[in-house]
Structure formats: C-alpha cells, structure tokens
Amino acid sequence: MSRARKLLRTRVVAGVSAVAALGLVVGCSGGGDGDGGTGGGVKDGKVTITMGLFGVMGYKETGLLDRYMKENPNVRIEAEVAGDEQTYYTALQTHLSAGSGLKDIQGIEIGRAKELADTQAAKFTDLSGVPGADHFLPWKLSQVTAKDNKVIGFGTDIGPMAVCYRKDLFEQAGLPTDREEVAKLWEGDWSKYVEAGKDFKKGTKNDKVAFMDSSSGLFNAMIYGNSEQFYNESGELIYKDNPAITEAWKLASEAGGTGLTAKLRQFQPGWDPGLANSTFATAVCPAWMLGHISEKAGPANKGKWDVAKAPKGANWGGSFLGVIDKSPVKEEAKKLVAWLTAPEQQEFVFTKVGNFPSSQEALKAPAVADAKSEYFSDAPIGKIFGDAAQEIPDKQVLGRKDGTIKDIFSQGLTLIESQNKSADEAWKSTEDRIKKATG
C-alpha cells in the first residue's frame with residue numbers, strides 16, 4: 001500500500017538515506033534568492049512562491065499545488081521536498097540563522113515546533129489574524145504559539161492514537177476479539193492494558209508471541225495524552241516530578257520487565273519482520289501508522305488486524321506550514337498556506353494519502369468521519385481516531401528538546417527490555433543522558 005510508505009517517511013524515518021535527502025535539502029538554500037532571499041517574488045505580474053517541505057505532506061503528491069496554480073493563473077509554486085526530516089531541519093536551522101536560503105513557506109514538524117516558536121518566532125509571519133483560521137483543533141495551534149501569542153504555523157495533520165491488535169492471536173489467548181469488547185478491556189486506564197497483557201500471556205500457548213511490541217510505544221501513548229510532559233509552560237524541565245512521566249515510566253518499565261513486550265522499538269530494526277512474522281499481538285498506533293503496518297504485515301495478515309479505542313486520547317505526530325516574515329510574497333504565501341490547510345484540502349489529502357486532519361471541520365466531513373480500513377477488518381478509523389483527537393487536552397505544552405528527550409526515554413526502556421537493567425538503573429541512565437542533551 002503506497003500510502004504506508006509515504007506516511008512512514010513523512011513522520012518517522014530519520015535516515016534511510018541521509019545523503020540522498022541532503023541532496024534535496026541543499027535545494028532549500030535556493031538558487032535564486034529573490035528580494036527577500038527566499039527565491040520567491042513578483043515579475044511581470046506573475047507571483048512565484050517557494051516551498052520547503054519534507055516527507056510526504058500531501059500537497060505536491062496529490063496535485064493540490066497544481067490545482068491552486070490552475071485556479072490562480074498568476075501564481076507559480078516551486079516546491080522542494082526532502083525525504084528525511086532530520087536533515088531538512090538541520091538545513092532549515094542553518095538558513096534561519098543565516099537569514100538566507102529560506103523558502104517563502106517552510107514545513108515544520110511537531111518535534112521542532114516549540115524550539116522554533118521559542119527561538120525563531122521573529123523569522124516567521126504571525127498567522128493568528130488570517131481570516132477563516134478558527135477551524136483547527138485548539139491544541140494544534142497551541143503547539144506553534146509563541147510567548148507573545150504569535151502563531152508561526154498552520155496545522156497540516158495530526159497523529160491521534162488507538163491500539164492495533166491481532167484478532168486471531170487474541171482468540172488463541174482466550175481474549176475477546178470484537179473491537180468494542182476489546183476496548184472495554186482497558187477502558188479509561190492504561191494499567192488495564194498491561195493487565196490485559198498479563199491475561200494474554202497466561203492464555204496464549206505460543207511463547208514466541210508477545211502481547212505488545214515495545215514498552216516505549218506504551219510510554220509515548222501515556223505521556224502524550226497530557227497537557228504537560230517534559231516541560232512546563234515556563235520552559236522548565238519537569239519530567240522528574242511530573243506524574244504523567246513517572247507513572248508512564250513505572251507502567252512501561254513493568255511491561256518491559258515482565259516479558260509482555262517483543263523488545264522491538266517501533267521503526268527500529270526487527271520491528272518490520274515482527275509485523276510480518278506475527279511476533280506481537282498489539283501495538284499502540286497513531287493514525288499514520290496503519291499504512292505502515294498493513295504494508296509490512298503484508299497481504300497474508302489482512303483481516304487479522306483490527307483497531308480499538310485507546311484507554312485515553314493522545315497525539316503522536318503532525319506538522320505545520322509557516323511563512324517566512326521577510327518573504328517578498330508574504331501575503332500571497334499566507335493565502336496559499338490558509339488554502340492548503342483549509343478543511344476541504346485536509347479532507348482531500350486524507351482521502352489520498354491518509355494524513356489525519358487537524359481541522360475540526362474536516363474531522364466531521366463524511367469522507368473522514370465515516371472512513372473505514374479494509375485491511376484492519378473494516379475498522380471505523382475515522383470515528384476511532386476522530387474521537388481520540390477530541391479527547392486531547394486543549395493545550396499541549398511542548399519544550400525545545402521534546403523529540404530528543406522522547407528518544408532518550410525510549411532508549412532507557414530498552415535497557416530494561418533487552419539488557420535486564422532494573423527500572424532504577426535505567427532511570428538513572430536516562431536522567432544522565434537528558435542532562436547532557438539539555439545542559
């Protein structure tokens with residue numbers, strides 16, 4: 001399923017081919033810097049707008065940019081797309097610092113949003129006053145809002161979470177298989193999810209099949225359903241005293257230390273074969289992950305997978321489009337960003353590549369709300385993920401090093417799963433690494 005490949009590269013993969021990706025990002029430096037150093041400008045009544053994007057954000061691939069140019073014949077859009085977001089962001093930071101080589105419109109990944117809002121807000125145009133921009137989920141825009149309430153980007157997609165599970169493996173372990181009954185197993189409490197895992201372990205006759213893929217997936221799902229995770233609104237690190245983190249660590253450590261996981265970190269070596277070889281029965285899955293699972297688990301497992309509501313709404317992933325303040329075509333770029341992220345276009349991108357909308361209006365559209373996944377036993381994914389999106393707190397506090405800290409915690413949990421470290425030993429190692437990364 002091509003959607004899977006596209007979505008994976010958009011949101012998660014950070015280095016399949018950094019060299020190839022760098023070739024694309026070098027283009028972000030722009031060959032012809034216009035009056036504002038962005039490559040955009042106006043000549044002979046023709047407006048050129050440049051865009052720097054990463055992965056598959058859905059605009060170039062679905063023909064939306066071509067449609068906009070057709071409907072606005074005086075506009076020419078030049079979009080350059082980097083396959084690797086990590087390399088893209090490194091280049092973007094360089095261009096922002098230099099004040100040159102930027103595009104009129106730049107893509108922003110959620111893990112970078114707070115850092116840019118805190119340190120580079122002056123380089124971006126404030127989008128808070130753009131007409132018709134009140135359709136986004138409240139917590140989406142909070143992620144790119146600077147301290148002075150300046151909004152540096154409009155939301156593209158989001159990653160609300162559910163639990164993907166194998167019906168056949170549940171049946172073999174004596175657990176219910178109907179998605180409504182499965183959701184009741186852990187309704188309202190992630191600790192019930194772990195308890196279901198213990199029941200699965202007792203009931204299964206195949207000791208080569210684990211209940212969940214990794215403890216880090218559980219950890220991420222638990223923390224991203226809270227307003228605050230690693231930082232508070234003042235930008236202070238609070239993870240050591242934040243119950244959302246300490247409780248998630250305790251439960252994830254328990255799962256990793258009692259044999260409930262397959263010890264396979266999501267999107268790391270071994271995880272894809274684990275999907276194909278049915279080595280785990282569940283995975284906490286954001287909406288964009290469904291495509292990857294269906295691709296890697298393959299046709300042989302079609303109809304064996306299903307999707308159930310998670311214990312608590314949470315979000316992992318998503319992006320934004322920002323406009324560079326010194327762009328010579330700033331007003332035209334703002335209009336394009338507003339159009340690309342409007343409910344109708346978000347709905348269209350969802351139907352073509354599966355990026356789940358950040359627009360409240362788009363979530364209500366029949367094409368989204370009534371969407372089902374044939375691969376996942378016709379699960380009503382539009383409703384499941386749409387409901388999860390509505391449960392997320394209206395404010396999501398992000399910090400400058402959110403992405404880095406999340407990865408460090410995942411690595412810390414791996415010490416418990418794969419190296420038999422105690423939870424205390426792994427926490428100490430994690431704390432030391434966070435100090436180095438943020439110090």
Side-chain angles (χ1 to χ4, degrees), residues 2-3 5-18 20-31 38-40 48-69 75-96 101-113 116 120 123-125 127 140 143-144 152-159 288 317-324 327 329-330 332-342 345-346 348-350 352-358:
S2 61
R3 176 182 301 177
R5 192 175 302 109
K6 292 176 180 177
L7 281 162
L8 172 64
R9 293 173 67 187
T10 305
R11 303 291 168 247
V12 182
V13 174
V16 174
S17 177
L22 183 59
L24 289 169
V25 176
V26 167
C28 285
S29 64
T38 62
T48 297
I49 303 173
T50 59
M51 300 183 72
L53 307 174
F54 54 86
V56 180
M57 300 182 78
Y59 304 123
K60 194 170 184 178
E61 300 81 5
T62 63
L64 274 181
L65 300 184
D66 291 332
R67 187 203 300 179
Y68 190 86
M69 288 187 284
V75 175
R76 173 183 173 83
I77 303 171
E78 297 178 354
E80 293 181 347
V81 183
D84 171 33
E85 190 278 334
Q86 184 174 347
T87 308
Y88 164 87
Y89 184 63
T90 300
L92 176 59
Q93 287 179 301
T94 299
H95 299 323
L96 285 168
L102 293 160
K103 300 304 183 185
D104 301 298
I105 297 171
Q106 295 280 174
I108 302 170
E109 205 273 333
I110 187 173
R112 322 296 188 178
L116 292 178
Q120 301 286 357
K123 304 290 180 66
F124 289 88
T125 298
L127 300 179
K140 182 65 175 178
Q143 297 171 333
V144 281
I152 68 167
F154 273 173
T156 58
D157 62 320
I158 55 176
W288 47 260
S319 300
F320 307 84
L321 293 177
V323 176
I324 298 302
S327 163
V329 289
K330 178 167 61 177
E332 292 85 352
K334 286 163 66 175
K335 291 178 183 177
L336 175 57
V337 165
W339 186 84
L340 288 172
T341 59
Q345 278 63 257
Q346 290 204 31
F348 178 76
V349 171
F350 171 77
K352 295 299 181 181
V353 298
N355 294 8
F356 209 77
S358 62

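Along the sequence shown, residues are numbered consecutively beginning with 1. The basis for the numbers below is simple: all heavy atoms, side chains too, and nothing from hydrogens, waters or symmetry mates. Computed from a predicted structure; not experimentally measured.
The side-chain contact (heavy atoms from CB on, under 4.5 Å) check on K123 picks up L96, Q120, with sequence neighbours excluded. Listed by chain and residue number, W339 satisfy the ring pair (Phe, Tyr, Trp, His ring centres under 6.0 Å) test with Y68 (two or more places apart in sequence, or in another chain).
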Report task. Please step through side-chain hydrogen bond (donor to acceptor under 3.5 Å, both in side chains) for the pair Q106 and Y88, ending with a clear verdict. Result -> CA-CA 10 Å; Q106 295 280 174; Y88 164 87; 2.8 Å; yes

Query raised in the report: Given the rule in the side chain to side chain contact (heavy atoms under 4.5 Å, CB included) test, do V144 and L116 qualify, once you have shown the distances and angles that lead to the verdict?
Result: CA-CA 8 Å; V144 281; L116 292 178; over 6 Å; no

Query raised in the report: Are D157 and S319 close enough, and set up right, to give a side chain to side chain contact (heavy atoms under 4.5 Å, CB included), and what steps lead you there?
Result: CA-CA 6 Å; D157 62 320; S319 300; 3.9 Å; yes

Requested in this report: Apply side chain to side chain contact (heavy atoms under 4.5 Å, CB included) to the pair Q86 and R112, showing each step before the final yes or no.
Outcome: CA-CA 10 Å; Q86 184 174 347; R112 322 296 188 178; 4.1 Å; yes

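Atom NE2 of H95 sits about 10.5 Å away from atom OG1 of T90, to the nearest 0.5 Å. Between F54 atom CZ and D84 atom CG the span is 10.5 Å, to the nearest 0.5 Å. A distance of 5.0 Å separates CE of M57 from CG of L321, quoted to the nearest 0.5 Å. To the nearest 0.5 Å, atom OG1 of residue T62 and atom CZ of residue F348 are 5.0 Å apart. Put simply, CD1 on I152 and CD1 on I324 are 9.0 Å apart, with the number rounded to the nearest 0.5 Å. Distance check: R76 CZ to I49 CD1 gives 12.0 Å after rounding to the nearest 0.5 Å.
Side chain of T50 to backbone of E78: no donor-acceptor contact under 3.5 angstrom is found. In terms of modelled atom types and a separation under 3.5 Å, the side chain of T38 and the main chain of L102 share no donor-acceptor contact.
Contact between M69 and V75 at its shortest, heavy atoms only, is CG-O, 3.4 Å. When all heavy atoms are compared, the tightest approach of L53 to A79 is CD1-CB, 4.4 Å.
The shortest side-chain heavy-atom distance between Y59 and T341 falls under the 4.5 Å cut-off. The closest side-chain heavy-atom distance from L65 to L340 is below 4.5 Å.
For the pair K140 and F320, the cation sits on the ring face: its NZ or CZ lies under 6.0 Å from the ring centre, inside 45° of the axis.
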